Each structure stands twice: as structure tokens, then as C-alpha cells.
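What's counted below: heavy atoms across the whole structure, side chains too, no hydrogens, waters or symmetry copies. Since this is a predicted model, take the numbers as computed values, not measurements.
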Amino acid sequence: ATTATATTPPQPTHTDQDIFATAWTLLEANWNNRAIRLIGVAGRQLSPAAKQLDLFGAQDDRVERLTRTVDEIRHKYGTDSLKRGSTLRK
């Protein structure tokens with residue numbers, strides 16, 4: 001049987017960490033411990049990056065700078081030039 005679910009993150013984002021966390025939460029909430037053939041993640045209501053200030057949150061630009069730097073390196077040297085350690089096989 002095919003199951004389709006969707007969610008919208010609570011805040012606009014452009015970081016891969018936020019998108020992955022949202023997709024992972026959705027998977028955990030809907031997985032029935034059976035084999036999975038296909039998982040898809042799509043973006044909707046996309047717009048140019050604009051920083052939205054969080055009224056109550058701490059302002060931490062490290063993630064923003066890291067994401068921008070990784071994007072620049074991948075653009076210059078290719079998408080496979082940087083990988084997360086957790087994605088490497090042992």
C-alpha cells in the first residue's frame with residue numbers, strides 16, 4: 001500500500017539540517033516497521049533566502065555561516081566534495 005504524508009516546518013528554513021529533521025520526524029511518526037521502497041521530500045512555497053528573526057530565540061549565525069560555506073564549496077568543487085561523516089559506510 002502507498003502512504004503519502006506531508007508537513008510544514010514551524011519556521012521558514014533553507015538549511016539541510018532543518019529539512020532533514022522535519023522529514024525524519026515525519027518518517028518516525030508514520031513508519032510501521034515494514035520495508036520502505038521509496039521516500040521523497042519536496043519543497044513548496046520556495047522563495048529567495050531571507051533571514052527571519054526569531055523574537056524569543058538566541059541569534060546564532062554559526063549554522064547560517066556553515067550552511068553558506070558548504071554550499072559555496074559544493075558549487076565550486078561539486079556536490080560530492082563534502083559529505084557528512086554519518087553518511088559514510090563503515
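Atom OG1 in T8 sits 10.0 Å away from atom CZ in R44 (nearest 0.5 Å). The line from CG of L26 to OG1 of T5 is 3.5 Å long, rounded to the nearest 0.5 Å. Separating the CG atom in D16 from the CG atom in D71 is a distance of 7.5 Å, to the nearest 0.5 Å. In this structure, CD1 on I73 lies 12.5 Å from CZ on R68, to the nearest 0.5 angstrom. With rounding to the nearest 0.5 angstrom, the OG1 atom of T67 is 11.0 Å from the CD atom of E72.
Nearest heavy-atom pair across S81 and G78 is OG-O, 2.7 Å. Of all heavy-atom pairs between I39 and I36, the closest is CG1-CG2, 3.6 Å. Here the closest heavy-atom approach between residue R74 and residue L82 is recorded as NH2-O, 3.0 Å.
Each of W24 and I19 belongs to its own hydrophobic cluster when Ile, Leu, Val, Met, Phe, Trp and Tyr are linked at side-chain heavy-atom distances under 4.5 angstrom.
For the pair N30/L27, no side-chain contact is recorded, criterion being any heavy-atom separation below 4.5 Å from C-beta on.
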